[in-house]
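I have placed the structure first, in the form of C-alpha cells, so that the comments after it can refer back to it.
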Amino acid sequence: MLVLPLTSAHAADALKYEVRIDAPGPLRELLEKNLDLVRFRGSDRIDREQLQRLVRVAPEQIKTLVATDGYYSPVVSATYDREAAAPVVQVKVEPGQPVRVGEIDLVLQGFAPNPELPADRQFDVNALKSGWPLKKGSVFRQDEWESAKRSLLRQVVQTRYPRAQLTDSQATVDPEQHLANLRVALDSGPEMRFGELRIEGLKRYPASTVANLNQIRPGDYYSEASLQSYQSRLQDTGYFASVEVSADMNAVLTEQLDAATLTPEQNAAAPMAPLPLLVRVVENKRKNVSAGVGYSTNTGNRASLTYDDLAIFGLRSKNALTLETKKQTLSSNFYFPVTADGYNDSIGASFERSDISGETTSVTSVAAKRAWGTPLLERSLTLELLSETKTVAGTPSTTSKSLPLTYAVTWRKLDNLLFPTKGYAINAQLGGALAPLLTDETFVRSYLRGVMYKPLGPNSNAIFRGEAGALASRDKNGVPAVYQFRAGGDQSVRGYGYQELGVQQGDAVTGGRYLATASAEYQYWFKPAWGAAVFYDAGNAGDSFSALHPKSGYGVGARWKSPVGPINVDAAYGHAVHKYRLHFSLGFTF
C-alpha cells in the first residue's frame with residue numbers, strides 16, 4: 001500500500017485529495033506515472049465535479065495501462081468519500097493472470113541466397129529468427145513487443161539490406177486463454193553494395209590521408225558497422241575537427257523512386273547500383289596548445305601542457321609536459337600518415353622521472369613503433385632505446401641501458417567499445433633485449449591481461465579482470481624498471497597505493513620478475529547513466545612464484561556513464577595494510 005503525499009498546497013483554491021494505490025509494485029509504479037488521478041492532483045482546475053469524473057473514468061484508464069504490461073483481465077476499482085473535506089481516493093488493482101506469448105509467426109521475405117557467395121557468407125536468416133527477443137511463454141508487454149519489432153528491423157537495415165521494411169505486424173490477444181499470437185512480416189528489399197570513394201572538404205592534406213584508412217572496398221556489402229569503424233579511424237588521426245562517413249543517399253532516393261512502380265517481388269529482386277562511399281571532413285586547425293590541472297589517486301596532483309602541430313614535414317607532432325607528484329614526463333612524438341597497407345608508423349623521444357614507494361628512476365628513451373590492424377584486432381611492434389638511472393631507498397645510483405623489441409596484440413570482442421557490458425578484451429605482449437647490442441643485461445619478458453564483461457540481467461553485469469607477467473634474465477638489476485612488475489592502484493589491486501606491491505628492498509618497493517592479479521566486480525545500474533559496484537581484487541608481484549602471496553582489497557564504488565567514458569569512484573580496503581583508500585579512474589583501458 002502506498003500513500004501519495006499532498007502536493008496541492010501551492011494552489012489555494014485547489015481541491016486537496018490523496019490517492020492510495022493498492023497494486024503489485026511494478027503496476028503501482030506504472031499507475032503513479034500515468035494515471036490522471038495522480039497526474040492532475042494539485043491542479044487548481046480540479047474541483048469536486050472534476051474529481052468525480054476522474055474517479056469514474058479511472059477503471060477504464062487503469063485497464064488500458066495495465067494491459068501494456070501484459071494484464072488484460074484485471075479486477076479494478078476506484079472509490080472515494082464525496083463528503084470528506086480532503087477526499088482519499090482508493091484505487092485497487094488485482095491484475096490476475098498475465099497474457100503470455102503464444103505462437104510466433106516470423107515471415108521473412110526476400111533474403112534469396114546469393115549463388116556467388118560461399119555458405120558462410122550468406123545472410124543468416126535462421127540466426128535472425130532465433131534472435132527474436134520476445135520468446136514463447138514470456139509475458140506479453142506492449143513496450144517489449146514494439147522493441148522486438150524495432151530490433152528485428154534494425155538488425156537487417158544495418159547490414160546488406162538497408163531498404164528492408166516491416167510489411168505487417170499483428171498481435172492477436174485472447175484474454176480468456178491468456179495468450180497473444182504474434183505475426184511479423186519483413187521484406188528485405190534488394191541487396192546494397194558500396195561503390196567508389198568520394199572525399200569532400202580536404203584542403204591541407206592529400207586524399208591518401210583519407211583513402212589509406214579506408215578498409216571498405218568497392219563491391220563490399222553495405223554495413224553500418226563498417227561506416228562507423230571507418231569514421232572512428234578518421235577521427236582518431238587528429239587531422240579533422242569533424243568527420244561524416246556515409247553511403248551516398250542521393251543514389252538511394254533515386255532507387256526508391258524507380259522502385260515505386262515495381263511490385264514487391266520485382267523490388268526485392270531489382271539489382272541496385274553500387275552506392276558511392278562519401279566522406280565529408282572539416283580539417284582541424286594546424287597548431288594547438290592546451291594546459292590543464294588535475295588529480296590522480298595513483299600519482300597525485302597533476303599539471304600538463306601540450307603542443308600539437310598537424311603538419312611538420314608532412315608528419316603530425318604531439319608534445320607534452322606532465323608534472324605529477326610522483327611522476328614527471330616530457331615527450332615528443334611524430335606520426336607518419338597511415339600507409340596504403342594500413343601501417344601506422346611513429347617515432348618519438350621522452351624523459352620520465354618517478355619516485356614511487358622509495359624507488360627513484362630517471363629514464364630517457366627513443367622509440368620507433370609500427371601499429372596495424374582494426375579495433376577488433378590490433379598489433380604493434382616497438383623498438384626502444386632506454387637509458388635508466390635508478391636509486392633505491394638512498395643507496396648509490398645505478399645506470400643501465402637497453403635496446404628491447406616488443407610485439408603486442410590486442411583482441412576485442414565487445415558489444416560497445418566505450419561502455420562495454422558484454423564480451424572480452426585481451427592484450428598480450430612478448431619482447432625483450434636478446435642481443436648485447438646497446439644492452440647491459442639481456443632479458444625476455446611476457447605479459448598477458450584480460451577483462452570479461454558478463455550481463456546478469458537488464459540492469460546488472462559482472463566484470464572479471466586478470467593479468468600475469470614473467471621476466472627471464474640472468475641479473476634482474478640490469479633490466480630497466482619499466483620492464484619489471486609491480487601491482488597496486490586504480491587499475492590493479494584497489495586498496496593499495498600505485499605500484500605499492502612488489503619486492504621489498506629495505507624501506508622501498510621495487511619491481512619483481514613475476515606478476516599475478518585478479519579482480520571480480522558486480523555492477524548494478526539503478527538509472528541508465530548511474531550505477532553502483534562491489535568488488536574484490538587480489539594479487540602481488542615478486543621475484544619467485546612462492547613470493548606471489550596475494551594481497552587482497554575489496555570495497556564499493558559509484559559509476560557514471562559520462563560523455564567521454566565511464567567514470568569510476570571506488571572506496572577500497574587494503575586487507576594487508578589495514579587502510580582505506582579512494583580510487584578514481586576514467587574510461588575503458590583496453
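What you see is a predicted model, and the numbers here were worked out from it, not measured in a lab. The basis for the numbers below is simple: all heavy atoms, side chains too, and nothing from hydrogens, waters or symmetry mates.
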* To do: Return yes if a side-chain donor-acceptor contact under 3.5 Å exists between Ser354 and Thr361, otherwise no.
  => yes
* Do Val409 and Leu377 come within less than 4.5 Å of each other through their side chains, counting heavy atoms only? -> yes
* Looking only at side chains, do Thr297 and Asp490 share a donor and an acceptor under 3.5 Å apart? -> yes
* Asked: For the side-chain contact (heavy atoms from CB on, under 4.5 Å) test, which of Ile567, Asn568, Asp570 pairs with Phe584?
  -> Ile567
* Look at Glu521 together with Arg559 and state whether they make a salt bridge at an N to O cut-off of under 4.0 Å. => yes
* Are the side chains of Ser519 and Arg494 in touch, meaning some heavy atoms are under 4.5 Å apart? -> yes
* **Minimum heavy-atom distance between Leu515 and Ala487, given as atom pair plus value** => CD1-CB, 3.9 Å
* Test item: side-chain donor near acceptor, Gln429 and Asn427, under 3.5 Å -> yes
* Asked: Would you find more than 12 non-hydrogen atoms of other residues, nucleotides or ligands less than 6.0 Å from Lys390 atom NZ?
  -> yes
* **Verdict with reasoning, Phe485 to Tyr514, per ring pair (Phe, Tyr, Trp, His ring centres under 6.0 Å)** => CA-CA 6 Å; Phe485 299 105; Tyr514 302 100; 8.2 Å; no
* To do: List the steps, then state whether side-chain hydrogen bond (donor to acceptor under 3.5 Å, both in side chains) holds for Tyr230 with Gln215.
  => CA-CA 7 Å; Tyr230 185 19; Gln215 298 178 349; over 6 Å; no
* Check the pair Ser380, Lys369 against side-chain contact (heavy atoms from CB on, under 4.5 Å), reporting the backbone distance first and the verdict last. => CA-CA 7 Å; Ser380 67; Lys369 181 178 180 180; 3.7 Å; yes
* Asked: With a 3.5 Å cut-off and no angle check, do the side chains of Ser546 and Ser544 form a donor-acceptor pair?
  -> yes
* Asked: Cut-off 3.5 Å, side chains only: do Thr406 and Thr382 have a donor facing an acceptor?
  -> no
* To do: Using a 4.5 Å cut-off on heavy atoms from C-beta on, say whether the side chain of Tyr239 contacts that of Asn284.
  => no
* To do: Kindly indicate, with the supporting measurements, whether the criterion side-chain hydrogen bond (donor to acceptor under 3.5 Å, both in side chains) is fulfilled by Glu384 and Tyr483.
  => CA-CA 12 Å; Glu384 189 174 19; Tyr483 285 96; 2.9 Å; yes
* Asked: Passes side-chain contact (heavy atoms from CB on, under 4.5 Å), Gln484 versus Leu471? Steps please.
  -> CA-CA 7 Å; Gln484 299 178 35; Leu471 172 70; 4.0 Å; yes
* Classify the side-chain pair Asn461/Trp525 by whether it contains a donor and acceptor separated by less than 3.5 Å. => yes
* **Counterpart residues, salt bridge (Lys or Arg N to Asp or Glu O under 4.0 Å), relative to Asp236 (two or more places apart)** => none
* Asked: Is the shortest heavy-atom distance from the side chain of Glu324 to the side chain of Thr322 under 4.5 Å?
  -> yes
* To do: Could you give me the CA-CA distance, side-chain angles and deciding distance for Tyr554 and Phe535, then say whether ring pair (Phe, Tyr, Trp, His ring centres under 6.0 Å) is met?
  => CA-CA 6 Å; Tyr554 41 85; Phe535 58 86; 8.6 Å; no
* **Side-chain heavy atoms of Leu448 within contact of Glu467, under 4.5 Å** => no
* State whether Tyr343 and Arg370 meet the cation-pi test: NZ (Lys) or CZ (Arg) under 6.0 Å from the six-membered ring centroid, and within 45° of the perpendicular axis. => yes
* Close side-chain approach of Trp145 and Leu134, heavy atoms under 4.5 Å -> yes
* Asked: Would a distance-only check, ignoring hydrogens and angles, find a side-chain to backbone donor-acceptor pair under 3.5 Å from Arg217 to Asn214?
  -> yes
* Taking atom NZ of Lys551 as the centre, report whether more than 12 heavy atoms of other residues, nucleotides or ligands fall under 6.0 Å from it. => no
* Would you please test Thr517 and Ser492 for side-chain hydrogen bond (donor to acceptor under 3.5 Å, both in side chains) and show each step? => CA-CA 7 Å; Thr517 70; Ser492 182; 4.9 Å; no
* **Ionic contact status for Asp543 with Lys476, cut-off 4.0 Å** => yes
* Could you tell me whether the side chains of Arg233 and Thr237 share a donor-acceptor contact shorter than 3.5 Å? => no
* Structure fact -> Applied to residues 317-338, the ring-ring contact (aromatic ring centres under 6.0 Å, His included) test, sequence neighbours excluded, yields none
* To do: Would you mind reporting whether Val184 and Leu166 have side-chain heavy atoms less than 4.5 Å apart?
  => yes
* Hey, is CG on Asp507 packed in by over 12 heavy atoms from elsewhere, all under 6.0 Å? -> no
* Parallel, tilted or perpendicular: which describes the rings of Tyr161 and Phe111, with under 30° parallel and over 60° perpendicular? -> perpendicular
* **Derivation of the side-chain contact (heavy atoms from CB on, under 4.5 Å) call for Asp415 and Tyr453** => CA-CA 9 Å; Asp415 58 342; Tyr453 292 81; over 6 Å; no
* Asked: Does atom NZ of Lys318 have more than 12 heavy-atom neighbours, drawn from other residues, nucleotides or ligands, at distances under 6.0 Å?
  -> no
* Donor + acceptor pair across side chains of Glu500, Ser357 (<3.5 Å) -> no
* Does a donor on one side chain and an acceptor on the other come within less than 3.5 Å for Gln142 and Glu144? -> no
* Has Lys527 got more than 12 heavy atoms of other residues, nucleotides or ligands less than 6.0 Å from its NZ? -> no
* Asked: Is there a side-chain contact between Arg449 and Ile426 (heavy atoms, below 4.5 Å)?
  -> no
* Considering residues, nucleotides and ligands other than Tyr580, do more than 12 of their heavy atoms fall under 6.0 Å from its OH? -> no
* Start with the C-alpha gap between Leu277 and Ser246, add the side-chain angles, then the distance that decides, and say whether side-chain contact (heavy atoms from CB on, under 4.5 Å) holds. => CA-CA 6 Å; Leu277 181 60; Ser246 64; over 6 Å; no
* Asked: Is any side-chain N of the basic residue among Lys326 and Asp355 closer than 4.0 Å to the acidic one's carboxylate O?
  -> no
* Asked: Parallel, tilted or perpendicular for Tyr407 and Trp372, by the 30°/60° rule?
  -> tilted
* Asn333 and Ser346: side-chain donor and acceptor closer than 3.5 Å? -> no
* Asked: Any side-chain donor-acceptor pair under 3.5 Å between Ser473 and Arg513?
  -> yes
* To do: Validate the cation-pi geometry between Arg412 and Tyr424: distance from NZ or CZ to the six-membered ring centre under 6.0 Å, angle to the ring axis within 45°.
  => no
